[in-house]
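As structure tokens, the structure follows; a few thoughts come after it.
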There are 6 protein chains.
Amino acid sequence: MTRIDGRSADELRQVRFTRGWLDHAEGSVLVEFGKTRVLCAVSATEGVPRWRKGSGQGWVTAEYAMLPRSTNTRSDRESIKGRVGGRTHEISRLVGRSLRGVVDMSVLGENTLMVDCDVLQADGGTRTAAITGAYVALHDAVTWLREHSLLAGENVLHDSIAAISVGVVDGEPLLDLNYQEDVRADTDMNVVMTGAGTYIEVQGTAEAAPFARSELDSLLGLAETGCARLTELQRQALAS
Amino acid sequence: MTRIDGRSADELRQVRFTRGWLDHAEGSVLVEFGKTRVLCAVSATEGVPRWRKGSGQGWVTAEYAMLPRSTNTRSDRESIKGRVGGRTHEISRLVGRSLRGVVDMSVLGENTLMVDCDVLQADGGTRTAAITGAYVALHDAVTWLREHSLLAGENVLHDSIAAISVGVVDGEPLLDLNYQEDVRADTDMNVVMTGAGTYIEVQGTAEAAPFARSELDSLLGLAETGCARLTELQRQALAS
Amino acid sequence: MTRIDGRSADELRQVRFTRGWLDHAEGSVLVEFGKTRVLCAVSATEGVPRWRKGSGQGWVTAEYAMLPRSTNTRSDRESIKGRVGGRTHEISRLVGRSLRGVVDMSVLGENTLMVDCDVLQADGGTRTAAITGAYVALHDAVTWLREHSLLAGENVLHDSIAAISVGVVDGEPLLDLNYQEDVRADTDMNVVMTGAGTYIEVQGTAEAAPFARSELDSLLGLAETGCARLTELQRQALAS
Amino acid sequence: MTRIDGRSADELRQVRFTRGWLDHAEGSVLVEFGKTRVLCAVSATEGVPRWRKGSGQGWVTAEYAMLPRSTNTRSDRESIKGRVGGRTHEISRLVGRSLRGVVDMSVLGENTLMVDCDVLQADGGTRTAAITGAYVALHDAVTWLREHSLLAGENVLHDSIAAISVGVVDGEPLLDLNYQEDVRADTDMNVVMTGAGTYIEVQGTAEAAPFARSELDSLLGLAETGCARLTELQRQALAS
Amino acid sequence: MTRIDGRSADELRQVRFTRGWLDHAEGSVLVEFGKTRVLCAVSATEGVPRWRKGSGQGWVTAEYAMLPRSTNTRSDRESIKGRVGGRTHEISRLVGRSLRGVVDMSVLGENTLMVDCDVLQADGGTRTAAITGAYVALHDAVTWLREHSLLAGENVLHDSIAAISVGVVDGEPLLDLNYQEDVRADTDMNVVMTGAGTYIEVQGTAEAAPFARSELDSLLGLAETGCARLTELQRQALAS
Amino acid sequence: MTRIDGRSADELRQVRFTRGWLDHAEGSVLVEFGKTRVLCAVSATEGVPRWRKGSGQGWVTAEYAMLPRSTNTRSDRESIKGRVGGRTHEISRLVGRSLRGVVDMSVLGENTLMVDCDVLQADGGTRTAAITGAYVALHDAVTWLREHSLLAGENVLHDSIAAISVGVVDGEPLLDLNYQEDVRADTDMNVVMTGAGTYIEVQGTAEAAPFARSELDSLLGLAETGCARLTELQRQALAS
């Protein structure tokens, strides 16, 4: 099968990380998965939320949002509506939880890393791009903390994380769905993995029809390939 | 390993379905998984939301909430706080999506089934209990619609669904975690399956440490056992 | 006149108190007035709100709410609407004020009793059932505080309270209106009384037509009968 | 007993009605009960809320609010807090319900009377002043509707209404409590009566101690005296 | 050109200041510009917001609001809508900023002056009336603080402020627009000036057509005349 | 005086317009004034708000917002706070009003142009950059409408608009303040002008001290220079 944009089934879109896209943030990355563009900004502040004070442990949390015209047709702003929608909540929680999966909170010490992932343009896979880009920005923010002698030890990050979407479209498992593929998918899965190849999060959803164990297995295989490739690209970006 | 409440690793808590617990709702079930108690009420109304009018298709949606003292220590009401939290949003969406997975919207016709899952007492596994109980209440509401000649055809429900939580506690995969086990779990997974044994939703999260593919496989195996057993219990409840 | 459900004018519906319906709450009662079912949970916590700190006085407050499908047709959740309605506010305030009427705050000491009254099913008289049930749950919570040596003295509760609705339907004063009677009532009155037969609250409203002093007097008489009977039933429930 | 301001127990404060205080409203009154000053504005509009359309019946509703510095110490604005408090809700509902008690909705026809009662200065009895003043403003708005030939018949108002607070202070029943008396009252009652001397609303609350039937009776007697006097003052104001 | 109400182009409407309109507020003024009527109340409290504590500096802030029926047709309450609108926010900020322009915060010491401007009736120029009246009320509140020995020095107010609206209607620059003129204006400008004739705020807006520098100059000239006249009237009011 | 970044008093920062920065929007521009970076997206939709239907007139409106880490220290999201702040409201209104100043609504016909200005990075002058960039994006959206034959005539835009901030810093009038200059300014003014050199909006504020007419005149002069230069840059950007 040829995909809409000519990719093979197990091929990522063009992925780009632009580090330091913002002048103020302690870590920032503009991450692109094809036309999907997410601005990840990490704000490092001394101190932790009240419930964690005196624990010697740090904290990492995240907020995800979309600009109103990041999408094909404009969506109303959540600030104007006066409340954050379920999807936004859900993805914010996912991003924060995923990042916390590789952070050693004792080494971070009583510092907070607040991660903002704002989707400037959406073409499918915004949450996985957000996680993948946020890891790079987080890495830069940790470097900033180290340079300012604010860490309690050496290895705050005990591994890297990357995330990718996979799905079954017209019966075929595909890697890194764009928007057009995403709306046609029968099954949709988002997978977050460590650089070591273990799982942080697996979320599979039957969009149109229930899926069999065999499909689940193929999707997990594809995701593993994708995350390994993203891990490599993150390494290159951080090395440059 | 002996579990806190004496169960074996692949054993469900005592599960009970009390159908018709409410006098007004078109379908209602008080479902109990051990001490976890969820009241599922299905409201059937003619008509569909505006964006679906004229499509000939029905709609199913769900809202999940917890009573303030369903938990060990009291939580503030979301009505008083003036907004619905991320976890509530996330579970409401999961319940609705899961139920839609087995509903034939054309046969339902332009009717709406609104599913309310209110947790009266929480002891772990409230979302999976909610889905499992809601299926039974939905079945009763569909019967009510049929008896009132409001359906466009025969088989609204093309399968049943059941859901269960599984997790790795102290290195051992366990079925149907209660609250005490849940807080100690390294990995936590919720699985929604059809009566036919296919997947509707798989959500696995590394709570304390990333998990390997082998753990994922054991957990999926346990969940399959649990869902099959719940499917059987749902059948008995609906037969009585 | 024969009433819809065969009762005489001064007869209560079947009243039931199920103590300890919840495992976590310091006091809990499922109270039933016929088909009206209210879950009353009392949460006892050490400490008082900021404005009362250092006073040596305790605090009692209440929140009342209805499950969306407790009623004949489903109502939207106040959490989703993002605000608490006037009726909910009004009844929450009434329940809290009524309970405070028999609590000796100095003996309670700097403890807070938070009372949640959640209507699981509504068939008229939910606010009076809530007050009547909440008293029993409060009594159990006070016992719990005593058993944990958290009280400053002996008699926290200097009396019991009970509440009942009365109304004029088709010209006849009736006790304990169910929903069908309530919507047809010309005058509707809720009365909260102590076990000693004094008044805590009297709220009479002309629904369809203004009422004369003579009607007011008959309604007060009926309410006195009803509250006395409820007081007796509370005593039996607490004795069992 | 001499009262703080020298009145006898059954004496009203000085009551003043300034009709037409606003240039735009169809009816408006600045009502004063001593230092308590409430601006009542009635807005008459053609049409009724959606749920009443086609019924041929009109609608009357009310909103009560306090200016932030109407009170001794400033209160935060409910608009800034983003929600209306329980007390505000409760009084708004009381004012609307009371006024509807004397309006013949069929004669009003499909018109809406929206009554705004804004407390400019508070010194006790704001809700009863609001109701008493609102009646006069409502009367003027009805005249405006008649002059514009917008009514379906002659007698929209089948009676007048007036309201007064009464309470037991230091064991003595007093009429028309000012703020200082109100905070010291053991029992507090608000009574809304028609010009014909029947009851629209009776709300009695034990503030410090439960009250006996005999106290209730004295308070009702005092309220009757007060409402009759207010009815007379309303008549004079409307005649001028 | 003759104006609707017979004034000449550079003539103010009748301006009246009623000081001490409220009994509780530390300073209060009912200010009238023709039919526009704004109640300005200043609440003086010891202490400052948290971010200013320990600075030795005081704080002045303001809130502006309109009663629902201050306008020709009724507007919904912002408390009911659950949020403050853009225009309200904008004017509240303008009033506070303007007043701060003449307050010496070191002399005020750690006291807060909260200024409430509530429009009782609106006929154009409500924001400029609010500022002009608020200055007089602020002056009275400062006197109150001095009399209670709460100030750190002598001259809290180093000048007076007054504000006026000017606009171009049918090609002619006019002073102090009423509502009918305001809606027909091509250009609309609000100017806040000190008693010394310097500027605190200039806000000019092209309503219908862009305006030339020459028009801007004429409007500034007219505003200067108006503010000088208002300054004189404020002096007289404060002297009486 | 040498400015912080070496500019002369009447020199703009480097201004850049990147047209078509987004793939979906009908018009989009990433505008940069030095480090200030604003993404302007124009969404063109057929139809107008309800209150304008059938008028044959179009509508233009705008929303301005800042990303949480666009600033030096992170600000909380307005969506999370559940309400839009006063400053955001104020600027959104300013942007919309300014753009409407050059749009012929009859030629636009019943189409709506929704303008989103999202500040990605803030270094002073975000509102004036937003207006200046939004004009270019609006121009592109109008071209899109013309190409899709959705306009009622030829010249929707009867002029261009540009905006600049000016201020007095250490006694010297400066053009196009960056953040460091802005916080030190005594007087701050934002001016919106047409390509023809007339005024759309003038907003001058005394930040630290009242300003004299002579200062106002110098600032207006500087702003005229700045807007003329921006107009030229807009022309070049639209020509490329």
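Every chain is numbered from 1, with letters handed out A, B, ... down the list of sequences.
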* Structure fact -> So, the part of D217(B) with a heavy atom under 4.5 Å from chain A: the answer is both
* Which distance, rounded to the nearest 0.5 Å, do you find between the CG of L220(B) and the CG of L220(A)? -> 8.0 Å
* When heavy-atom pairs shorter than 4.5 Å are enumerated against chain B, which of A209(A), P210(A), G101(A) gives the highest number? -> P210(A)
* Structure fact -> In terms of heavy-atom contacts, A212(A) and Y199(B) come closest through C-CD1, 4.2 Å
* Largest heavy-atom contact set with chain A, pairs under 4.5 Å, which of A208(B), A196(B), G204(B) -> G204(B)
* How long is the gap from CZ on F211(A) to CD on E201(B), to the nearest 0.5 Å? -> 7.5 Å
* Structure fact -> So, the part of T194(B) with a heavy atom under 4.5 Å from chain A: the answer is side chain
* Name the option with the most non-hydrogen atom pairs under 4.5 Å to chain B; the candidates are E224(A), E207(A), Q203(A). => Q203(A)
* In residues 81-100 of chain B, which residues are in contact with chain A at a heavy-atom separation under 4.5 Å? -> V84(B), G85(B), G86(B), R87(B), H89(B), E90(B), R93(B), R97(B)
* If you round to the nearest 0.5 Å, how far is CG of L216(B) from OG1 of T198(A)? -> 11.5 Å
